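Owing to the predicted nature of the structure, the values given are computational and were not obtained by experimental measurement.
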Amino acid sequence: MGVMAENAACPAFQLGRPRYDQSSFIGRLRHFVDIIDPSTLFVSERRLKECIKLLDDFKHGTLPPGVSDLQLWEAQKVKQAIIHPDTGEKIFMPFRMSGYVPFGTPIVIGLLLPNQTVLSTIIWQWLNQSHNACVNYANRNATKPTPTAKFLQGYVGAVTSAVSIAVGLNVLIQKANKLSPATRMIIQRLVPFPAVASANICNVGLMRHNELSEGIDVLDNNGNVVGSSKIAARHAIMETAFTRVALPMPIFVLPPIIMSYLERLQFLQSNRRLLLPIHSAVCLATFSLSLPLAISLFPQMSQIEVSRLEPEIAMATDCKVVTYNKGL
């Protein structure tokens with residue numbers, strides 16, 4: 001009965017179109033929960049090929065009888081989670097959006113550990129921005145090639161900005177003699193948020209700077225490339241940067257507040273070895289919730305009015321609105 005109900009509620013499959021309405025936040029949230037589903041990390045090569053073949057069969061009208069819409073949606077979910085929409089190549093597992101929480105949580109735990117030294121701050125910020133840089137690059141709009149030199153320049157700039165901001169804030173707090181030890185500890189735990197948020201903006205901008213200079217492809221209603229737009233690239237990067245500020249907010253604000261309360265409990269004071277596992281669980285929970293909420297702020301395939309783009313694009317199409325891959 002459950003399967004029948006699910007099939008009945010399942011919309012008719014449309015190739016390349018999202019299963020859920022992307023004009024609403026809830027629709028985007030349901031879509032991205034599918035995209036970041038960690039279970040897709042364990043999809044075998046054979047299963048991936050089966051999904052791609054199923055979608056190709058649908059495209060060419062050679063679909064075997066008995067294939068349901070639900071099976072087609074699942075096939076598209078698997079493909080979207082693993083294959084880059086512009087390059088058609090597999091994204092390296094740790095840099096997929098479905099791998100962001102599993103591979104990023106240990107780094108978040110390290111960033112939020114109390115009593116950080118300057119060296120530990122540098123190491124954790126370097127690891128975090130290195131992971132972010134690779135995720136930003138792997139999930140960028142790839143309609144234009146990015147030279148390796150540009151990637152390295154962006155990477156060095158992103159890591160340098162993150163470490164500088166984090167270390168600078170920590171030094172300022174340590175020199176604030178008027179603060180009580182308890183207040184200083186709480187503020188030190190909150191330092192990673194402004195450091196990571198500002199560094200994330202630098203990271204997105206630097207890792208995807210090539211899009212600003214080269215532009216990104218914009219598509220008409222039929223999916224045909226109309227032209228290359230620097231204005232659309234600017235919108236794509238601004239939207240992505242905004243999500244990278246919203247993403248760490250609950251991750252780096254809630255766990256320190258929750259842990260400062262939990263650490264005062266008599267049970268944990270007498271069982272100190274449970275602090276790290278509980279801290280890890282709190283970080284994992286907040287990361288798992290904040291990622292889909294943040295990336296759902298904007299649709300991945302965003303739309304923009306042609307009148308707001310370059311004149312040559314307006315002359316090349318009769319469409320009022322064009323589409324571009326914002327990236328993730």
Between Y100 and H131, ring centroids under 6.0 Å: yes
Residues E45 and K90 bridged, charged N to O under 4.0 Å: yes
Worked verdict on L41 versus R96 for side chain to side chain contact (heavy atoms under 4.5 Å, CB included): CA-CA 9 Å; L41 294 172; R96 297 174 196 166; 4.1 Å; yes
V33 side chain reached by D37 side chain, heavy atoms, under 4.5 Å: no
Cluster link I295 to I26, ILVMFWY, side chain under 4.5 Å: no
same_hphob_cluster(F103, V108) at 4.5 Å side-chain heavy-atom cutoff: no
Heavy-atom side-chain proximity of F25 to L293 below 4.5 angstrom: yes
Backbone N/O of F287 and side chain of S290: donor-acceptor pair under 3.5 Å: yes
Closest contact, heavy atoms only, Y324 versus A236: CE1-CB, 3.7 Å
Under 3.5 Å donor-acceptor, W73 side chain and P11 backbone: yes
Distance, nearest 0.5 Å, that separates CG of L297 from CZ of R28: 7.5 Å
pair Q76-L55: side-chain heavy atoms closer than 4.5 Å: yes
CA sep, side-chain torsions, deciding dist, call: H31, Q80, side chain to side chain contact (heavy atoms under 4.5 Å, CB included): CA-CA 11 Å; H31 170 71; Q80 286 180 336; 3.7 Å; yes
Least distance between heavy atoms, P85 atom then N325 atom: CG-ND2, 3.7 Å
Residue of the set I91, T40, I82, I35 for which side chain to side chain contact (heavy atoms under 4.5 Å, CB included) holds with S98: T40
CA sep, side-chain torsions, deciding dist, call: L247, T243, side chain to side chain contact (heavy atoms under 4.5 Å, CB included): CA-CA 6 Å; L247 174 59; T243 65; 5.9 Å; no
Separation between CD of Q300 and OG1 of T323, rounded to the nearest 0.5 Å: 12.0 Å
Side chains of L219 and V226 in contact at under 4.5 Å (non-hydrogen atoms): no
Minimum side-chain heavy-atom gap F298-T240 below 4.5 Å: no
L54 and L63, any side-chain heavy atoms less than 4.5 Å apart: yes
Residue pair P255 / T286: nearest heavy atoms and the distance that separates them: CG-OG1, 3.6 Å
Residues that L275 engages under side chain to side chain contact (heavy atoms under 4.5 Å, CB included), provided they are two or more places apart: M259, E263, L268, R272
Evaluation steps, side-chain hydrogen bond (donor to acceptor under 3.5 Å, both in side chains), between S130 and Y155: CA-CA 7 Å; S130 295; Y155 170 72; 2.7 Å; yes
Side-chain heavy-atom pair L276, I109 within 4.5 angstrom cut-off: yes
Side chain to side chain contact (heavy atoms under 4.5 Å, CB included) between S280 and L284, intermediate numbers included: CA-CA 6 Å; S280 302; L284 177 62; over 6 Å; no
Rounded distance [0.5 Å steps], CD in Q71 versus SG in C51: 10.0 Å
Gap between atom CD1 of I123 and atom CG of N128 - 0.5 Å precision: 13.5 Å
Spacing of CZ belonging to F95 relative to SG belonging to C134, to within rounding of 0.5 Å: 3.5 Å
Under 3.5 Å donor-acceptor, H60 side chain and T62 backbone: no
I304 reachable from V306 in the ILVMFWY side-chain graph, under 4.5 Å edges: yes
Heavy-atom closest contact (I313 atom, S228 atom, distance): CD1-O, 3.8 Å
Salt-bridge present (R30, D34; N to O < 4.0 Å): no
Whether over 12 other heavy atoms sit under 6.0 Å from F242 CZ: no
Atom of V218, atom of A232 and distance for their closest heavy-atom approach: CG1-CB, 3.8 Å
Gap between atom CD1 of I36 and atom CG of L291 - 0.5 Å precision: 4.0 Å
Co-membership, hydrophobic cluster, residues Y20 and F32, 4.5 Å side-chain: no
N224 CG: over 12 foreign heavy atoms closer than 6.0 Å: yes
Any donor-acceptor pair under 3.5 Å from D217 side chain to V225 backbone: no
Minimum heavy-atom distance S229-L309, with the two atoms named: OG-CD2, 3.5 Å
Exam field: side chain E310 to backbone K230, donor-acceptor pair closer than 3.5 Å: yes
Non-hydrogen side-chain atoms of S302 and H235 separated by less than 4.5 Å: no
M238 with V245, same ILVMFWY side-chain cluster at under 4.5 Å: no
